[in-house]
Amino acid sequence: NAGVTQTPKFQVLKTGQSMTLQCAQDMNHEYMSWYRQDPGMGLRLIHYSVGAGITDQGEVPNGYNVSRSTTEDFPLRLLSAAPSQTSVYFCASSYGDRDYGYTFGSGTRLTVV
Amino acid sequence: TQLLEQSPQFLSIQEGENLTVYCNSSSVFSSLQWYRQEPGEGPVLLVTVVTGGEVKKLKRLTFQFGDARKDSSLHITAAQPGDTGLYLCAGFNSGYSTLTFGKGTMLLVSP
């Protein structure tokens, strides 16, 4: 099925470990974003990309890195995991037009102990 | 920073009742989008409203965009248990094509 695929679905990390959350879309969308969702905080934008080779910071970028080498893939790297990064992470993609919504992946639930 | 405030935060009603969820901002957005999220899944787009004063209907759901494009509402008629979920409004930031989300309204519809 066409859409946004996120892996893994669940992950437990120890403080200080690094990891990459994978995101891939097959809809040829130029625009991709990473959000984190925390209770009482809603969805907050971490990083976004408007096309291959172009990325920028969102509202809460500290502790995360992204790259966009292809249109399809937009991985999110946690450099040195902290308990404050325990959250549910969503990747989303879109054509970037105001009339067109974003398609979200099913999320990665990350726990940092 | 543009903010979106949703109210109420939580709503628990009986099947067959009507309800309205509100989404308000001090800023103008080029469009407002409504999403519904179920446990363990990502948000799914319900509708996008673009023009001030616009009204869109999706079966029992009615979406309205304020004349000044700063607020929106979602009205559900004769709610059903299948309507249970987290309803999120999101403003489209045209400069970056990103979304700013409200904190959501958790709706529970009991049989």
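These values consider heavy atoms only, across backbone and side chains, with no hydrogens, waters or symmetry-generated copies. Being a predicted model, the structure only gives us computed values, none of them experimental. Below, read A as the first sequence line, B as the second, and so on, with proteins coming before strands; counting in each chain starts at 1.
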Between [X] and chain A, with a heavy-atom cut-off of 4.5 Å, which part of the residue counts as in contact: side chain, backbone, both or neither?
X: B:Q33; value: side chain
X: B:S30; value: both
X: B:Q6; value: neither
X: B:S97; value: both
X: B:L32; value: neither
X: B:L86; value: side chain

Counterpart residues, side chain to side chain donor-acceptor pair (under 3.5 Å), relative to B:R69 (two or more places apart) =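 In terms of side chain to side chain donor-acceptor pair (under 3.5 Å), with neighbours along the sequence ignored, B:R69 is linked to no residue.
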Do B:T48 and A:D99 have side-chain N/O donor and acceptor atoms under 3.5 Å apart?
->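 Distance-only check fails for B:T48 and A:D99.
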Specify whether B:F101 and A:Y35 have parallel, tilted or perpendicular ring planes, treating 30° as the upper limit for parallel and 60° as the lower limit for perpendicular.
->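 Taking A:Y35 first and then B:F101, their aromatic rings stand perpendicular (interplane angle over 60°).
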Please work out which of the three classes, parallel, tilted or perpendicular, describes the rings of A:Y48 and B:Y96, given edges at 30° and 60°.
->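 Judged by the thresholds at 30° and 60°, the geometry between B:Y96 and A:Y48 is perpendicular.
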A:Y100 ring center near A:H29 ring center (under 6.0 Å) =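 Yes - the distance between ring centres of A:Y100 and A:H29 falls below the 6.0 Å cut-off.
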Less than 4.5 Å apart, any side-chain heavy atom of B:Y35 and any of B:L99?
->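 In contact.
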Does some side-chain heavy atom of A:L110 sit less than 4.5 Å from a side-chain heavy atom of A:R36?
->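 Heavy-atom side-chain distance check fails, nothing below 4.5 Å.
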Heavy-atom pairs under 4.5 Å with chain B are the metric here; pick the option from [options] that has the most.
options: A:D56, A:V50, A:D97, A:V88; value: A:D97
options: A:Y31, A:F90, A:Y102; value: A:Y102
options: A:K9, A:M41, A:Q37; value: A:Q37

Given that the side chain runs from C-beta out, which part of A:L45 has a heavy atom under 4.5 Å from chain B: side chain, backbone, both or neither?
->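 A:L45 touches chain B through side-chain heavy atoms alone.
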Among B:P43, B:G42, B:G104, residue most engaged with chain A (heavy-atom pairs, under 4.5 Å) |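 The candidate making the most pairs under 4.5 Å is B:P43.
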Give a yes or no on whether B:E5 atom CD has more than 12 heavy-atom contacts from other residues, nucleotides or ligands under 6.0 Å away.
->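 Not more than 12 within 6.0 Å, no.
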